[in-house]
Amino acid sequence: MDLKPAPEIISQRLKGQLTPAYLTLTSIIQGVALAFLAARVEATYAQFDTANWLLTSATFVGFLTLWNEYLMQVLTFVWVPTLVDSLVPFAFLAGELFMAHFVYGGLRYWLLSLGLTFVVGTLASIVTNRQARNFPEENRDVARALTPLNGVRAVLSAAILVLCLAAWALYDVLRLEQAQIVVALVALVALVVFLGSSVPFWNRILAYARGEYNHAADKA
């Protein structure tokens, strides 16, 4: 007979269901976004130029990046979901759908969509970190191990966010319409770099999980 108090049972249930529920929802959302992107490309590819194909590639990399970020967060940290956790996936979906739509005929608004998606990601990361602090026993050590890498990735994220919103706001002033290939290529490279920055993050998580991470050596 389970004699645990009701609050503890509810807490364990919420924490235990977060990972499968979040990953299932994210899988569905990513499937919708990819299907929308495929349909958009199929309908417009005959008019595509190099910039459009670069934007399509960048959008696909963006989808991969979002899935990877979700995977890292929910597999690494323990927290109890709130209303924000319910809303964030749909905010990401909106951003992804707009990005997919604007791969053709809308570079300026594609930049805005990507910038706003990174805004949502930044806010979601802040909320997750705050919620994770409510469970120090489960999260404190792994969070400490990831702190140096989080700083680097936060700088990359902020740089992409600022550059996208600045390019959107100053699009006409900078005459970016005449440099669409360059802009699209820079966006693709930036997203690939950000996705690649997760490799050391994953390696640190795996090293910690295997008991190979030495915090003292990292500080030295």
Side-chain angles (χ1 to χ4, degrees), residues 26 29-30 32-34 36-70 72-73 84 87-129 149-201:
T26 305
I29 286 175
Q30 295 304 92
V32 171
L34 284 170
F36 188 88
L37 176 62
R40 180 63 171 165
V41 172
E42 183 179 11
T44 58
Y45 78 92
Q47 292 80 42
F48 270 22
D49 57 17
T50 303
N52 297 129
W53 286 115
L54 288 171
L55 284 182
T56 300
S57 300
T59 301
F60 181 72
V61 173
F63 292 178
L64 292 178
T65 299
L66 181 57
W67 166 253
N68 187 56
E69 292 299 309
Y70 263 115
M72 289 191 299
Q73 290 287 338
V84 174
L87 297 177
V88 164
F90 296 97
F92 277 130
L93 175 60
E96 288 182 318
L97 294 180
F98 279 115
M99 287 173 63
H101 177 76
F102 289 122
V103 296
Y104 176 71
L107 174 59
R108 182 176 190 175
Y109 295 103
W110 186 91
L111 292 168
L112 175 62
S113 301
L114 179 60
L116 292 179
T117 300
F118 268 86
V119 170
V120 173
T122 300
L123 295 176
S125 179
I126 292 172
V127 171
T128 297
N129 288 334
L149 300 175
N150 280 333
V152 174
R153 303 192 79 239
V155 170
L156 286 174
S157 177
I160 295 173
L161 186 161
V162 170
L163 287 174
C164 284
L165 295 183
W168 165 74
L170 301 174
Y171 192 82
D172 292 331
V173 175
L174 298 177
R175 298 180 181 179
L176 296 181
E177 182 73 22
Q178 301 175 14
Q180 292 193 34
I181 294 177
V182 174
V183 174
L185 181 60
V186 170
L188 174 58
V189 170
L191 287 170
V192 169
V193 169
F194 186 76
L195 179 60
S197 71
S198 68
V199 174
F201 194 95

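Closest of all the heavy-atom pairs between C164 and L114 is SG-CD2, 3.5 Å. When all heavy atoms of L55 and F102 are compared, the closest pair comes out as CD1-O, 4.1 Å. Closest approach of S157 and F118 over heavy atoms only: OG-CD2, 3.3 Å.
Taking CZ of F60 as the start and CG of L64 as the end, the distance is 4.5 Å to the nearest 0.5 Å. To the nearest 0.5 Å, atom CG of residue L161 and atom CG of residue L156 are 12.5 Å apart.
S198 places a side-chain N or O within donor-acceptor distance of the main-chain N or O of L195, the cut-off being under 3.5 Å. Q30 places a side-chain N or O within donor-acceptor distance of the main-chain N or O of F63, the cut-off being under 3.5 Å. A distance-only check finds a donor-acceptor pair linking the side chain of R40 to the backbone of Y104 [under 3.5 Å]. Of the possible donor and acceptor atoms, one in the side chain of T128 sits under 3.5 Å from a partner among the backbone N and O of A124.
Using the six-membered ring where Trp is involved, F36 and H101 have ring planes that are tilted, between 30° and 60° apart. Note on ring orientation: taking the six-membered ring where Trp is involved, the planes of W53 and F48 are perpendicular (angle over 60°, cut-offs 30° and 60°).
Under the side chain to side chain contact (heavy atoms under 4.5 Å, CB included) rule, T122 has a single partner from I126, V119, V120, which is I126.
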